[in-house]
Asker: 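Take this structure first; my questions come after.
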Amino acid sequence: MVIQWFPGHMAKARREVTEKLKLVDVIFELVDARIPLSSSNPMLEEIIHQKKRVIILNKSDAADEKITAEWVAHFKEKGLLAVPVNAQQGKNLHAIERAAQELMAEKFARQKERGMRPRAIRAMILGIPNVGKSTLINRLVKKNIAKTGNKPGVTKAQQWIKVGKTLELLDTPGILWPKFEDQEVGFKLALTGAIKDDLLNMEEIALYGLHFLEKNYPNQLAAWLGLPDYAEKTDTEILAAIAIKHGYFDKYKDPDYSRAAEWVVREIRQQKIGRFSFDLPEKGEEI
């Protein structure tokens, strides 16, 4: 299965982002803490050039805490500030502005020496679809000013939003890239909800998730599935066993593989298995 998704409004959004760059001081790159590499747009470097950047690891409550700490250290080694947050619950959001202030400290010091009062930091929020940009903005401004939705492609236009007196945000639509060079990236994005489900083969996505969990989180997987002979089953037998266990049958009374696959993906997205991360920094990924 080849996963691609690049609606027309995304191409337009990229052009608009490029035009607005000169107006901002800092880029807030919002990524999914479970997949900080896979959810980081590889086109971002060429889009933002030398702009200062804060990497916001959203949905950190769903990610493996140990792995998230390793990613923060990984970014620090590369000279990048990374901040784990939970936008849904409003946790650790103060660290975002603190990181921006740290990046702007030298410039503000020069302005102060010249007798200038530093203005509010202007930041542009960038991220792929469904990573939580609108939820983060609403939490920061403490009201529902940005439209949210648990599906990709909700934000369709740019808007300036004030966060108190010290920060101004430019929200932007989520931007994916035209082609995933590594199809594993596509699987990870699909599993975490960044790509519309109607574009996906759910059985392939579910099996990818099951194989990953079996390799990296075997105890969590075993406790969740409750299939003692899981390791001895083929992919088809695994989906069949899940379907039978949960009562998913087609009109011929055979196991419904599609519904079983949808259940697997839904459970993974809803954290029914526990906390886990799909991108692992010890493999030497670059970002």
Asker: Taking the side chain as C-beta and beyond, is there a heavy-atom pair between I121 and Q101 under 4.5 Å?
Answerer: yes
Asker: To the nearest 0.5 Å, what is the distance between OH on Y217 and OG on S277?
Answerer: 4.5 Å
Asker: Taking all non-hydrogen atoms of both residues, which atom of A243 and which atom of P255 are closest, and how far apart?
Answerer: CB-CB, 3.9 Å
Asker: Grab the two heavy atoms, one from A82 and one from F75, that are nearest each other, plus how far apart they are.
Answerer: CB-CD1, 3.4 Å
Asker: Please lay out, stage by stage, how R110 and E106 fare under the test salt bridge (charged side-chain N to carboxylate O under 4.0 Å, His left out).
Answerer: CA-CA 6 Å; R110 289 197 303 267; E106 189 176 330; 3.4 Å; yes
Asker: Got a donor-acceptor contact below 3.5 angstrom from the Q220 side chain to the I273 backbone?
Answerer: yes
Asker: Could you point out which residue of L169, V26, L170 forms a side chain to side chain contact (heavy atoms under 4.5 Å, CB included) with M124?
Answerer: L170
Asker: Determine yes or no for a side-chain-to-main-chain donor-acceptor pair under 3.5 angstrom, with T68 supplying the side chain and A63 the backbone.
Answerer: no
Asker: Starting from I55, can I reach L280 by hopping between I/L/V/M/F/W/Y residues whose side chains sit under 4.5 Å apart?
Answerer: yes
Asker: Look at D250 together with R259 and state whether they make a salt bridge at an N to O cut-off of under 4.0 Å.
Answerer: no
Asker: Main chain of E168, side chain of R122: is a donor-acceptor contact present, judged purely on distance under 3.5 Å?
Answerer: no
Asker: How far apart are the closest heavy atoms of E65 and R275, and which atoms are they?
Answerer: CB-NH2, 3.7 Å
Asker: For the CG atom of L44 and the CD1 atom of I27, what is their distance to the nearest 0.5 Å?
Answerer: 7.0 Å
Asker: Going by heavy atoms in the side chains, are T236 and Y257 under 4.5 Å from each other?
Answerer: yes
Asker: Just by distance, do the side chain of D279 and the backbone of L37 share a donor-acceptor pair under 3.5 Å?
Answerer: yes
Asker: Consider only side-chain N and O atoms of Y208 and E184, and report whether a donor and an acceptor are under 3.5 Å apart.
Answerer: yes
Asker: Hey, is R119 close enough to D25 for a salt bridge, meaning N to O under 4.0 Å?
Answerer: yes
Asker: Above 12 or not: heavy atoms from other molecules or residues under 6.0 Å from NZ of K112?
Answerer: no
Asker: Tell me the closest heavy-atom pair linking K162 and V141, and the distance in Å.
Answerer: O-CG1, 3.3 Å
Asker: Hydrophobic cluster membership, with links at side-chain heavy-atom distances under 4.5 Å among I/L/V/M/F/W/Y: are I244 and I242 in one?
Answerer: no
Asker: Is it the case that the side chain of K245 and the backbone of L225 share a donor-acceptor pair, with hydrogens and angles ignored and the cut-off at 3.5 Å?
Answerer: yes
Asker: With a sphere of 6.0 Å drawn around CD of Q88, does it hold more than 12 non-hydrogen atoms of other residues, nucleotides or ligands?
Answerer: no
Asker: Relative to the ring of W263, is the ring of H246 parallel (under 30°), tilted (30 to 60°) or perpendicular (over 60°)?
Answerer: tilted
Asker: Strictly below 4.0 Å, N to O, side chains only: are R53 and E45 in salt-bridge contact?
Answerer: yes
Asker: Salt bridge between E70 and K66, side-chain N to carboxylate O under 4.0 Å?
Answerer: yes
Asker: Does the side chain of I56 reach to within under 4.5 Å of the side chain of F28, using non-hydrogen atoms?
Answerer: yes
Asker: Of all heavy-atom pairs between L126 and K133, which one has the smallest distance, and what is that distance?
Answerer: C-CD, 4.0 Å
Asker: When rounded to the nearest 0.5 angstrom, what is the spacing between CD1 in I238 and CD in E232?
Answerer: 11.0 Å
Asker: When rounded to the nearest 0.5 angstrom, what distance separates NE2 in H211 from CG in L221?
Answerer: 10.5 Å
Asker: Just by distance, do the side chain of N92 and the backbone of A95 share a donor-acceptor pair under 3.5 Å?
Answerer: no
Asker: Could you tell me if the side chain of E29 sits less than 4.5 Å from the side chain of S40, heavy atoms only?
Answerer: yes
Asker: Apply salt bridge (charged side-chain N to carboxylate O under 4.0 Å, His left out) to residues R266 and D197 and explain how you reach the verdict.
Answerer: CA-CA 11 Å; R266 184 170 62 250; D197 286 347; over 6 Å; no
Asker: Under a 3.5 Å distance rule, please check whether S38 uses its side chain to pair with a backbone N or O of K188 as donor and acceptor.
Answerer: no
Asker: Kindly say whether L81 contributes a backbone atom to a donor-acceptor pair with the side chain of K76 at under 3.5 angstrom?
Answerer: no
Asker: Measuring from L210:CG to D235:CG, what's the distance to the nearest 0.5 Å?
Answerer: 8.5 Å
Asker: With S39 as reference, evaluate D32, L30, N130 under the side chain to side chain contact (heavy atoms under 4.5 Å, CB included) test and give the passing residue.
Answerer: D32
Asker: Starting at CG of L239, measure out to OG1 of T234 and round the result to the nearest 0.5 Å.
Answerer: 9.0 Å
Asker: Considering all heavy atoms of both residues, which atom of A87 and which atom of L93 are nearest to each other, and what is their separation?
Answerer: CA-CD2, 4.3 Å
Asker: Return yes if some donor-acceptor pair links the side-chain N/O of K51 with the main-chain N/O of V24 below 3.5 Å, else return no.
Answerer: yes
Asker: So, do V31 and L57 sit near enough that their side-chain heavy atoms are less than 4.5 Å apart?
Answerer: yes
Asker: A quick test of your reading: do over 12 heavy atoms of other residues, nucleotides or ligands sit less than 6.0 Å from CD of Q270?
Answerer: yes
Asker: Do F276 and Q271 touch side chain to side chain, with heavy atoms closer than 4.5 Å?
Answerer: no
